[in-house]
**Q** 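Encoded as structure tokens, here's the structure I'll be asking about.
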Amino acid sequence: MERYNPRKIEERWQKKWEKEKTFKVDISASKKPFYNLMMFPYPSGEGLHVGHVYAFGGSDTFGRFMSMRGFDVFEPMGFDSFGIHSENYAIKIGKHPRQLIDDTTTYFREKQMKRLGALFDWSHQVITSESNYYKWTQWIFLQLFKAGLAERKKAPVDWCPSCKTVLADEQVIAGKCERCEAQVVQKELLQWFFKITKYSEKLLKNLDWIDWSETTKSMQRNWIGRSEGTEINFPVQGRALQIKVFTTRPDTIFGATFMVLAPEHDLALKIVSANNKAKVEAYVQESKNKTEIERTQKSKEGIFTGRYCINPVTKKPIPIFVANYVLMGYGTGAIMGVPAHDSRDWDFAKGHKLEVIEVISGGNIQKEAYVGEGKLVNSGKFNGLDSVEGIRKISDYIQSNKIGKKKTNYHLRDWLISRQRYWGPPIPIIYCDNCGTVPVPEKDLPVELPYLKNFKPTGTGKAPLAQDESFIKVVCPQCGKSARRETDVSDTFLDSSWYFLRYPSAGLDELKNAGPALLPWDPRVTKKWLPVDMYIGGNEHAVLHLMYTRFITMALHDLGFINFEEPFKKFRAHGLVIHGGEKMSKSRGNVVSPNEYIDAYGADTLRMYLLFLGPYDRGGDFSDRAIAGMHRFLNRVWNLCTKVIEKNSKSSDSQLLKTLHKTTKKVEEDIENLKFNTAIASLMEFLNEMVSKEEKLNLALVKHFLHLLAPFAPHLTEELWEKTGEKDSIHKEGWPSYEKKFLEEGRVTIVIQINGKLRDTLEAHRDIKKEEAVRLAVDQAKIKSYTLNKTIKKIVWVEGKLLNLVI
RNA sequence: GCCGAGGUGGCGGAAUGGUAGACGCGCGGGUCUCAAAAACCCGUGGGGGCAACUCCAUGAGGGUUCGACUCCCUCCCUCGGCACCA
């Protein structure tokens, strides 16, 4: 008998599938394909690691299952090859990014991805750093610009001193750069933003109906951070000015004993008294130079402006301060200080010896701020109200007396997309002294990224492209006079925010032959193939890629380019493969490459081993200790099936048939729910039963079993399928159905409990009645010993399953 | 602090109201072998018992129920996310 040799058979089938285009989706078919998407990789480091195999393997197993169920599964793959991650790696190894991407995409694709045995359709490959792709990334920028959704404005932004570029809010993690973990600093700069905040409400609301992992949805809800409250105007004493504050607790306004402005607030330096001017200016300047982390120290310090404003309900003057703990980026950049009922204000008031007035009863405000609910006190005509009611009544009062209005705020900020780096699509904008900011005409796209020898970040706040005069110098497309190009490139998350729209149309002959295309996609194809049916990926992109993509899709929908506003019908987050207790990463040096495992055991074993680690949404710790166990399983499958095929036995067994159908149901339901670990376990159980009844096996049963295993182990099953004499691919065979008659057991085991504890079991026909079961049970010696001289007080009967006697 | 997911044998995990520990790893014993590896077979939560068997056990404590890993309450711990969001 031939031995299981994964290396040989996997290579053979991969070649055959590629040559015969076995899994290519027919673009002209009338049926809508099943669009099975997985997150494309950054081709930056040494290669794919087993975490990628986990992500791709799970997604592909699902795709193969859907394919067997009769769908035309479209499973594209590509490379997210623009961006800081690739550029930084190029700098590190001393290569030009262009060269790095050429080398690594080839290596990833040919030496790693093609060895996984996935359905990837490489004829639709997308590489984001190629001009035939980023031309359209620039096109999307122009559409948003024309619609007023892209805006250049001066704003305090986060600057990473190590990456030497600005970052979006989402790319700053606890005050540190998402990529290099350097502390970011605040800078006031003129930058390009996408107005994602215009979609705050829709981004939040649609979460109620899209079929996504709850964890991802909850992270997005948190990030959008909707909060309902009231905006209130406080008149400045002695000046014709008002300070606007935002609060979710208008019920506490009678306790507002001071006012605080953020250092960046434009009134801060306007209202300051002559005596305090120098000190306040110094404080504001000092804040500007601090890093995000330094600014978020717990101690509450600030400085008095020498000016007062009037609490609009008590009419009393309250002092105005400037302090770091109030952020310009949220609300109005000013707050009313209510020390009795806000712990930050409490800390601040203690440090500055300010008055603390209790207006909600229920706590001990001498000791700490009371933030809970209670009855209103010291609040004039509102005294005695419950605080929840007080919020409503006082905000009504404020609104009707025109001292403020109700307002909903969001934490979400506009998406800063400028990057002062080289490796990205140049932002397609021209600055002209006559005409101002002029978009590059669509016919002039792409704005090619020139090959810069010295591409490293400059650190001056200017992008590397700013050194290239031949790039910058341009004729204004409106007036024809000389003008200058924008030299920043766009954020890499813009590249990946629309790649799923490109895949179906990528590489299509129809597009090429239709002359100069006007759209990044063929609308007929897009209409039929999109949105994405299933998207699987890591949850680290919950508020990055996944939020940006939803925004871009909504914007393109509202501009009339596509007919759906949510990109992914279904999204499932998979867990993380960790190694040695830590997340796999190059900096930790614990990355595991799949290559050696594929060499030793084959891709089928590696894929299955990873999926068997545990629940797919939880990930697992990669230790190669147990991988041999999975290889053993596939070996046993190989040996048993080969024997049966060679013998071509005709015998059969009714119990085996039952288990086969039960297993079919179980595997089917488990794959649908991405419960790969238990699906594999039930396949193992079935194999164990088959092995123990080897002489009763027949070819039909083995063939049925191979179908169930096919989505997990595509090569092994294809090889054995061929050995049975079949000519077509097993993956083109339908998914086997299970028959109800095999699922129903004729005889069942009834559990007999005494007082809820298992004492005995009873073999009986499944239709056995309660009375009959009780009669038989109390006759059994063991039960008799319990019930002897005892009264049965209660009998609980679960049909065909359980009998509980309470004595 | 807030939001989310968890806590079950030596380990990864299974069981979402009905026989706790499926399946796999590891470990122990055996068959085969000159020997080893591989393969195969048996055993494997803890305590007690020669045994039939029995008691204990799903982070801790309480509750609901004939019956709780599963539902409810209080608390502890771990992981992930956010974090001076007013």
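Just so we're on the same page: letters track the sequence lines, and every chain starts at 1. Because only heavy atoms are used, hydrogens play no part in the values below, and waters and symmetry mates are left out as well, while side chains stay in.
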**Q** Need to verify one output field. Residue with the more 5' nearest nucleotide on RNA chain B, A:Asn635 or A:Trp223?
**A**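 Upstream on the strand: A:Asn635.
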**Q** So do the side chains of A:Pro6 and A:Tyr601 get within less than 4.5 Å of each other, counting heavy atoms only?
**A**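 No, side chains not in contact.
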**Q** Would you call A:Arg572 and A:Asp211 a salt bridge, taking side-chain N to carboxylate O under 4.0 Å as the test?
**A**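 Looking at A:Asp211 together with A:Arg572, the answer is yes, because their closest N to O distance falls below 4.0 Å.
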**Q** I'd like a table of atom pairs between the protein and nucleotides 16-23 of chain B - only N or O on both sides, under 3.5 Å - with the distance next to each one.
**A**
residue: B:G18; atom: N2; partner: A:Gln753; partner atom: OE1; Å: 3.1
residue: B:A22; atom: O2'; partner: A:Glu685; partner atom: OE1; Å: 3.3
residue: B:A22; atom: O2'; partner: A:Glu685; partner atom: OE2; Å: 3.3

**Q** Hey, which sits more toward the 5' end of RNA chain B by its nearest nucleotide, A:Arg3 or A:Thr248?
**A**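 The answer here is A:Arg3.
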**Q** If we take the P atom in both B:C77 and B:G45, what is their distance in whole Å?
**A**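 One P to the other, the span is 32 Å.
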**Q** Atom CG of A:Asn324 to atom P of B:A86: distance rounded to whole Å?
**A**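 Whole-Å distance recorded here is 19 Å.
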**Q** State whether the distance check finds a donor on one side and an acceptor on the other, under 3.5 Å, for side chain A:Lys300 versus base B:C84.
**A**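 A donor-acceptor contact between them is present.
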**Q** Between A:Glu668 and A:Lys665, is the salt bridge (charged side-chain N to carboxylate O under 4.0 Å, His left out) condition met? List the steps.
**A** CA-CA 5 Å; A:Glu668 177 176 320; A:Lys665 183 171 190 276; over 6 Å; no
**Q** Anti or syn, where syn is a glycosidic angle within 90° of 0; which label fits B:G48?
**A**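 Anti conformation for B:G48.
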**Q** Distance between the C1' atoms of B:U78 and B:G62, in whole angstroms?
**A**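 Here B:U78 and B:G62 have their C1' atoms 23 Å from each other.
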**Q** Using purine N1 to pyrimidine N3 plus N6-O4 or O6-N4 for Watson-Crick, or N1-O2 and O6-N3 for G-U wobble, both under 3.5 Å, which nucleotide pairs with B:G26?
**A**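 Matched B:G26 with B:U44 under the 3.5 Å cut-off.
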**Q** Expressed as a whole number of Å, how far does the C1' atom of B:A39 sit from that of B:C32?
**A**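 So the two C1' atoms sit 9 Å from each other.
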**Q** Roughly how many Å apart are B:C2 and B:U74, using the P atom of each and rounding to a whole number?
**A**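 To the nearest whole Å, 13 Å.
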**Q** Have a look at A:Arg249 and tell me which of A:Asp251, A:Thr247, A:Thr252 forms a side chain to side chain donor-acceptor pair (under 3.5 Å) with it.
**A**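 The residue from A:Asp251, A:Thr247, A:Thr252 that satisfies side chain to side chain donor-acceptor pair (under 3.5 Å) with A:Arg249 turns out to be A:Asp251.
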**Q** Roughly how many Å apart are B:C25 and B:G18, using the C1' atom of each and rounding to a whole number?
**A**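 Pairwise C1' distance, B:G18 against B:C25, rounds to 30 Å.
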**Q** Between B:C69 and B:C75, how far is it from one P atom to the other, in whole Å?
**A**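 It works out to 23 Å between them.
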**Q** Ignoring hydrogens and angles, tell me if any N or O in the side chain of A:Asn311 forms a donor-acceptor pair with the backbone of A:Val313 under 3.5 Å.
**A**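 Yes, the answer is positive, given that a donor and an acceptor are paired below the 3.5 Å cut-off.
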**Q** Quote, to the nearest angstrom, the P distance that separates B:G28 from B:A37.
**A**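 Roughly 12 Å separates the two P atoms.
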**Q** Mark yes or no for whether A:Trp212, through its side chain, and A:Ala573, through its backbone, hold a donor-acceptor pair below 3.5 Å.
**A**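 Looks like no, no N/O pair under 3.5 Å.
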**Q** May I ask you to check whether A:Tyr616 and A:Tyr54 place their ring centres under 6.0 Å from each other?
**A**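 Close enough - the centres of the two rings lie under 6.0 Å apart.
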**Q** Could you tell me how far B:G30 sits from B:C23 if I compare only their C1' atoms? Round to whole Å.
**A**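 Pairwise C1' distance, B:C23 against B:G30, rounds to 24 Å.
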